[in-house]
There are 2 protein chains.
Amino acid sequence: MADELLQSRGVKPTPQRVVITQFLLDSHDHPTADEVLEGVKDSLPVSLSRATVYNTLNTLVEAGVVKAVSLEPGRTRYDANTIEHHHFVDTKTGKIIDIPWEKVSQLCQTLGPEYKIQDYQITFFGELAEPTP
Amino acid sequence: MADELLQSRGVKPTPQRVVITQFLLDSHDHPTADEVLEGVKDSLPVSLSRATVYNTLNTLVEAGVVKAVSLEPGRTRYDANTIEHHHFVDTKTGKIIDIPWEKVSQLCQTLGPEYKIQDYQITFFGELAEPTP
DNA sequence: TTCTGTATTTAGAATAAATCTAATTTAAGA
DNA sequence: TCTTAAATTAGATTTATTCTAAATACAGAA
Ligand SMILES: [Mn+2]
Ligand SMILES: [Mn+2]
Ligand SMILES: [Zn+2]
Ligand SMILES: [Zn+2]
């Protein structure tokens with residue numbers, strides 16, 4: 001599973017990369033680099049370096065295998081759900097859950113009564129056109 | 001200006017707080033804590049501690065005088081524009097500009113041809129209702 | 001198979017944002 | 001003036017991430 005995914009994206013599937021990728025595929029809670037290290041280190045016969053976790057995560061992001069998510073200051077989270085989607089941050093628990101892209105239909109209206117929205121923000125990424133002279 | 005704003009939000013307007021608040025009111029580029037320190041330290045007769053900058057920024061956020069913005073990993077930016085609005089991140093320059101709330105009308109459609117949108121993401125903050133048993 | 005070069009991993013050092021600590025200053029009120 | 005709480009300060013500390021330099025792994029050539 002992880003193995004083929006890596007192959008298809010042109011990333012050599014080393015044991016460390018496979019195990020980290022699989023962990024992210026199985027996660028639904030947007031783990032941090034540290035949570036990845038904790039969750040993965042015992043499933044390798046060798047000691048896993050923190051540097052390898054960061055190297056791998058950066059490689060995976062660059063190859064489009066996972067997405068980096070920065071919703072809170074201080075640490076980046078990682079998401080194997082690469083389909084376009086939004087996030088809902090529970091301000092009580094800090095839990096970040098996925099919101100399907102289609103759920104946000106007319107002008108970001110109702111997600112449903114189970115979400116008590118206090119605030120939301122759309123972040124656009126792109127390039128600003130040069131002003132025409 | 002900054003003085004009255006602080007008063008009205010119940011924050012004692014010390015020289016450090018006034019000068020930092022004024023700097024943010026005059027900024028339109030979402031400065032970081034370090035940029036605030038650099039931009040402000042020479043307009044005080046005393047040396048300004050980094051701790052004071054962070055203390056003040058946290059106080060201002062808590063009092064609703066400014067907003068903390070975390071769009072990129074690693075550092076928080078600060079925004080004296082407290083009217084609800086979105087942000088546009090120029091992926092070439094890193095520049096973050098404000099998008100008026102109303103601009104995003106039907107399902108986050110066109111901002112106008114000057115914005116070449118590569119990606120966007122809506123972040124919701126709120127509380128998840130308990131599942132009814 | 002052995003050789004060789006490149007990619008990957010590793011432990012630990014370095015960096016950078018933010019917070020903490022403990023001492024000092026400020027300033028309001030009795 | 002005296003008291004006291006709040007605010008500020010320099011510097012140390014913490015935490016996330018990156019860097020460095022050495023060790024490993026491993027594919028391809030000979
Ligand atoms: Mn602005
Ligand atoms: Mn940091
Ligand atoms: Zn997600
Ligand atoms: Zn803004």
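Lettering follows sequence order; numbering is per chain, from 1.
- Residue B:T32 places none of its side-chain N or O atoms closer than 4.0 Å to OP1 or OP2 of C:dA17.
- Remark: the backbone N or O of A:H30 is not paired with any side-chain donor or acceptor of A:S27 at under 3.5 angstrom.
- Phosphate proximity of D:dT18 to A:N58: present, with a side-chain N or O under 4.0 Å from OP1 or OP2.
- Toward the 5′ end of DNA chain C lies the nearest nucleotide of B:R77, the other residue of the pair B:V46 and B:R77 mapping further downstream.
- Distances shown here put every side-chain N or O of B:T14 at or beyond 4.0 Å from the OP1 or OP2 atom of D:dA6.
- Phosphate contact (OP1/OP2 of D:dA16, side-chain N/O of A:T76, threshold under 4.0 Å): absent.
- Between B:R17 and the phosphate of D:dA7, there is a side-chain N or O to OP1/OP2 separation shorter than 4.0 Å.
- Atom P of nucleotide D:dT9 and atom NZ of B:K41 are separated by 13 Å, given to the nearest angstrom.
- Across the protein-nucleic acid pair, B:R50 atom CZ and C:dA17 atom P stand 8 Å apart, rounded to whole Å.
- Between B:S47 and D:dA10 there is a side-chain polar atom (N or O) within less than 4.0 angstrom of OP1 or OP2.
- Mapping B:P73 and B:A51 onto DNA chain D by nearest heavy atom places B:A51 at the nucleotide closer to the 5' end.
- Residues A:L24 and A:L57 form a side-chain contact, since some pair of their non-hydrogen atoms from C-beta on lies under 4.5 Å apart.
- Considering only the side chain of B:T52, D:dT8 comes nearest among C:dT10, D:dA7, D:dT8.
- The separation between A:L57 atom CG and C:dT8 atom P is 15 Å, rounded to whole Å.
- Atom-to-atom, CG of A:L60 to C1' of C:dT9 comes out at 15 Å; the value is rounded to the nearest Å.
- Put simply, CG on B:N55 is 12 Å from C1' on C:dT21, counting in whole angstrom units.
- Across all non-hydrogen atoms, the minimal contact from A:V65 to A:R9 is CG2-CG, 3.7 Å.
- A side-chain donor-acceptor contact under 3.5 Å links A:R17 to the backbone of A:K12.
- Distances were taken from every side-chain heavy atom of B:A33 (C-beta onward) to each of C:dA18, D:dT8, C:dT10; the shortest belongs to C:dA18.
- Atom P of nucleotide C:dA16 and atom CG of B:D34 are separated by 10 Å, given to the nearest angstrom.
- Note: CG (A:L44) to P (D:dT24) measures 17 Å, nearest angstrom.
- When rounded to the nearest whole Å, the span between CD of B:E38 and C1' of C:dA16 equals 15 Å.
- Checking the phosphate oxygens (OP1, OP2) of C:dT19, no side-chain nitrogen or oxygen of B:Y54 falls inside 4.0 Å.
- Close to C:dA18, at under 4.0 Å from its OP1 or OP2, lies no side-chain N or O of B:R75.
- Listed pair A:Q16 / C:dT10 meets the phosphate criterion, a side-chain N or O lying under 4.0 Å from OP1 or OP2.
- What you find for B:T82 and B:G64 is that their closest heavy atoms are CG2-O, 3.8 Å.
- With A:E35 as the partner, the salt bridge (charged side-chain N to carboxylate O under 4.0 Å, His left out) test is satisfied by one option alone out of A:K41, A:R75, A:R77: A:R77.
- Donor-acceptor pairing under 3.5 Å, judged by distance alone, is present between the side chain of B:S49 and the base of D:dA10.
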